[in-house]
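To start, the structure itself, in structure tokens.
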Amino acid sequence: MDPYSIFADIIAGRAPASRVYEDDDVLAFMDIRPLTPGHLLVVPKVPARNLAELDPEIGGKLFKVGQRLAAALRASEVACDGVNFFLADGVTAGQEVFHVHLHVIPRTPGDGFGLRARPRTPPRADLDYLAGSVRGALERGTR
Ligand code: 5GP
């Protein structure tokens with residue numbers, strides 16, 4: 001099945017999902033391959049393949065619903081001492097399903113979930129240069 005259509009099929013009720021929350025704009029359901037038990041996905045009902053296609057109002061709603069779900073996870077029977085939000089935008093970022101989705105991942109000590117990276121502190125001049133470049137893009141109206 002075309003991965004783009006999986007979430008559309010879930011939203012339309014053509015594919016099964018363990019639903020948790022729904023309103024006019026978003027749907028939340030259990031991830032079929034949870035990174036930790038209780039892992040949820042929040043998706044916009046109007047399909048957007050990536051952040052550039054997503055209406056920012058709906059993007060705000062994804063976060064708002066994610067925030068409620070984080071509280072609900074902590075108050076539920078799901079083991080949850082902490083929560084990570086994760087959103088992959090683009091193949092290089094790890095996106096596999098091309099319908100924007102916010103991962104809401106409950107965390108417990110030693111659950112094995114983590115991000116791999118090699119952080120280092122660059123010279124201030126490098127930070128300032130890139131900050132200026134991003135500011136320029138904002139001023140040119142990139143959203
Ligand atoms: P991505 O890597 O694109 O950020 O994450 C895609 C997520 O969608 C994965 O965590 C994967 O387990 C989940 N997923 C893929 N297909 C289905 C499906 O048919 N149903 C559900 N509930 N989750 C899915």
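In this chain, residues are counted from 1 in sequence order. Atoms within each ligand, like the ligands themselves, are counted from 1 in listed order. Reckoned from all heavy atoms, side chains included, excluding hydrogens, waters and symmetry mates.
- Residue M30 has at least one N or O atom closer than 3.5 Å to an N or O atom of ligand 1.
- Other residues, nucleotides and ligands contribute at most 12 non-hydrogen atoms within 6.0 Å of the CZ atom of R68.
- The neighbour count for R14 CZ, taken as heavy atoms of other residues, nucleotides or ligands under 6.0 Å away, is above 12.
- Using a 4.0 angstrom heavy-atom cutoff, L41 counts as in contact with ligand 1.
- The contact set between ligand 1 and A88, taken as ligand atoms under 4.0 Å from a residue heavy atom, comprises 4 (O).
- When only non-hydrogen protein atoms are considered, atom 7 (C) of ligand 1 lies nearest to D31 OD2, 3.6 Å.
- At least one heavy atom of G94 sits under 4.0 Å from some atom of ligand 1.
- Of all the atoms in ligand 1, the ones that sit under 4.0 Å from a non-hydrogen atom of H103 are 1 (P), 4 (O), 5 (O), 7 (C), 10 (O).
- Only the side chain of I6 comes within 4.0 Å of ligand 1, counting heavy atoms alone; its backbone N, CA, C and O stay farther away.
- Proximity of V43 to H99: side-chain heavy atoms (C-beta onward) are separated by under 4.5 Å at one or more points.
- In the hydrophobic clustering of this structure, F86 does not group with I58; members are Ile, Leu, Val, Met, Phe, Trp, Tyr whose side-chain heavy atoms approach within less than 4.5 Å, directly or through other members.
- Within the listing of ligand 1, atoms 20 (N) sit less than 4.0 angstrom from a heavy atom of I10.
- From the protein, the heavy atom lying nearest to atom 5 (O) of ligand 1 is H101 NE2, 3.0 Å.
- Using cut-offs of 30° and 60° on the angle between ring planes, the pair H103 and H39 is tilted.
- Of the protein's non-hydrogen atoms, I32 CG2, 4.0 Å is the one closest to atom 14 (N) of ligand 1.
- Heavy-atom contacts of E96 reach the following atoms of ligand 1: 1 (P), 2 (O), 3 (O) (cutoff under 4.0 Å).
- Looking at every heavy atom in both residues, P106 comes nearest to A79 through CB-O, 3.9 Å.
- Put simply, the side chain of D81 does not reach to within 4.5 Å of the side chain of R107, judged on heavy atoms.
- Sparse packing is recorded around OH of Y129, with 12 or fewer heavy atoms of other residues, nucleotides or ligands lying under 6.0 Å away.
- K45 is not listed as a side-chain neighbour of D24, based on a closest heavy-atom distance of 4.5 Å or more.
- In terms of protein heavy-atom proximity, atom 15 (C) of ligand 1 is closest to V97 CG2, 4.0 Å.
- Ligand 1 places these atoms under 4.0 Å from at least one heavy atom of F7: 8 (O), 24 (C).
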